[in-house]
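Here's the structure, in C-alpha cells; my notes come after.
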2 protein chains.
Amino acid sequence: MPKRIRLEKRVVAESDRLAKELSDRFNRAGVFVANLMSSPGAGKTTLLEQTTRRLGAELRLAAIEGDLATDRDARRIRAVGIPCRQINTGGGCHLSARQILEAVAEFDLANLDVLFIENVGNLVCPAEFDLGEHRRVVVSSTPEGDDKPIKYPVAFHHADCVVLNKIDLLAATDFSLEAFRKYVKGLKPRIPILELSCRTGEGLDAWLDWVRTERRAVAAQAPRSAR
Amino acid sequence: MPKRIRLEKRVVAESDRLAKELSDRFNRAGVFVANLMSSPGAGKTTLLEQTTRRLGAELRLAAIEGDLATDRDARRIRAVGIPCRQINTGGGCHLSARQILEAVAEFDLANLDVLFIENVGNLVCPAEFDLGEHRRVVVSSTPEGDDKPIKYPVAFHHADCVVLNKIDLLAATDFSLEAFRKYVKGLKPRIPILELSCRTGEGLDAWLDWVRTERRAVAAQAPRSAR
C-alpha cells in the first residue's frame, strides 16, 4: 500500500475512534447533540440565537462555535444566555473530533439537555467528519439558490434534518420551493425539511418541535447510564 | 521529519510546480485568467452569465466550472454562447492545478482573451490552491452578512478584487455596507470592492471595466511570446 493511503487510513481511524469516544460520553451524560452545517452566512448562529431565546427556559442548552477566525459567534450566543465555547480552526475547513473533545472538557455535560455544535461555514468538508453527534442538521437559505442539494449532495445526504432559512426573502429571489424539496427528497426521501425565517420567526415552532422530539427519541434509545 | 509532514511538503511542491506550468502556458498564449471563489450560491455563475452577455462580442471568453456534482453551471454558461468545461470534483472541496491542466488541454488558449475559472463553492479551501491564475476574485453577497471578510480572512486576503453581489437585497437584510468595506480594507487596504447586482444589472459596468483593465495590465507585463 502506498505511504499516502496508509497514512490517510491511520488518520481516519484515529478520527473515528475519537468520534466514538465523544458519542459514548454524550450518551453517558444523556445530552442530545446536534451538529449544524451550512454555507457561510446561511444563518446557523441566528438559528441558535432564536432557539436559545425560545427553548432556554425549558431545556439546559449549550453551544460550541466553529470558525476560522474571530469569536463573534460565541459572543452572540453567550449574549442570549447559554454557555458557549469558541473553537478557532485557523485555516481548518471543518471541526474535528479532537477539537470537540477538548471543548466539551469545559462543560458539565451531565447538567445539559442539548449541545449544539455549529460547524465551520462550509457545505463541503464538515460532512466528512463525525463528531459523535446524534443528529446532523444542514441549514440552507433561499438566496443561495434552490439547486444546492444536488450541487453539494454529500452534506445533504448525511443530514437528518434540512432547515431552509430566509423564507422571508423568497419573493425577492428566483428560489423555487418545489425544486428545492424535489432535490432534497431525491437524495433522502423521508428527511424533514423545515422552512423558516430566523428574521421574522415564521416556521420556528416546527424547528423547536424537531429538537424536542429528536432529543426525546435519543434519550429513549440511550438512557443515562450515569443515573 | 515525520512522514506526514514530508508527504505534505511533496504534495504542495507538486501542486506549485503544476501551477507554475499553468501560469507559463497562460502567459505564452496571452490569455488573462481569473479564478473566482465564493460561498455556495453567492452568484459566481450568474456573474459569468452577465459578463458573457456584455463582453462576449468584445473579447473571446471561455470558462471552467468547478463543482462537486452536476454540470448545471457549465450548461448555463454554454447557453450564453462561450466554450465551457465542467470539472466535477466528486467530494473534492477545491479545484487543483492538475484538474485545470487537463481542462485547458481542450481549449485553444491562443485564441482566447479571457479564461474564467469558477472554483468550487467554498470560502475556505480554494484559497490555498494556486491555479496559475493572474487574478483572484472573491464574490461575496449581502444575504451572507457583512462579517464574512473577518470570518474567512484567508480567501479575502489572497484576493485581488472583491465583488459584493445581491445589493438589490440590501434593504431586506441587516447587511452594513460600511462594516463590510471596513472589514475588507482592514485586510487589504487598496483592494477594489465592486458592489453590484447580477439580477438588476446595477454596478456591472465597474466589474466589466475591472476585467478589461486587468487584462490589459497583464498583457502589458507578459506580452505574447507566441506572437
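No hydrogens, no waters, no symmetry mates; every other heavy atom, side chains included, goes into these values. Proteins come first, then strands; the chains are lettered A, B, ... in the order of their sequence lines, and each starts at number 1.
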Euclidean distance, A/D147 CG relative to B/T70 OG1, rounded to 0.5 Å: 7.0 Å
Neighbour count above 12 (heavy atom, 6.0 Å) for B/K182 NZ: no
Among B/N122, B/D168, B/V154, the residue with the most heavy-atom pairs under 4.5 Å to chain A is B/N122
Which of A/K148, A/E144, A/K151, A/E128 touches chain B most, by non-hydrogen pairs under 4.5 Å: A/K151
For chain A, which candidate among B/G121, B/A42, B/G92, B/G145 shows the most heavy-atom pairs at distances under 4.5 Å? B/G121
Which pair of heavy atoms, one from A/C93 and one from B/V124, lies closest together, and at what distance? CB-CG1, 3.6 Å
With a 6.0 Å cut-off (strictly less than), is the heavy-atom count around NZ of A/K185, excluding the residue itself, greater than 12? yes
Min side-chain heavy-atom separation B/D174-A/R199 under 4.5 Å: yes
Would you say CZ of A/R72 has more than 12 non-hydrogen atoms from neighbouring residues, nucleotides or ligands within 6.0 angstrom? yes
Taking every heavy-atom pair that is under 4.5 Å apart, which of B/D73, B/T142, B/V120 has the most such pairs with chain A? B/D73
Structural part of B/L169 lying under 4.5 Å from a heavy atom of chain A: side chain
Would you say that more than 12 heavy atoms from the other residues, nucleotides or ligands in this model lie under 6.0 Å from the CD of A/E14, or not? yes
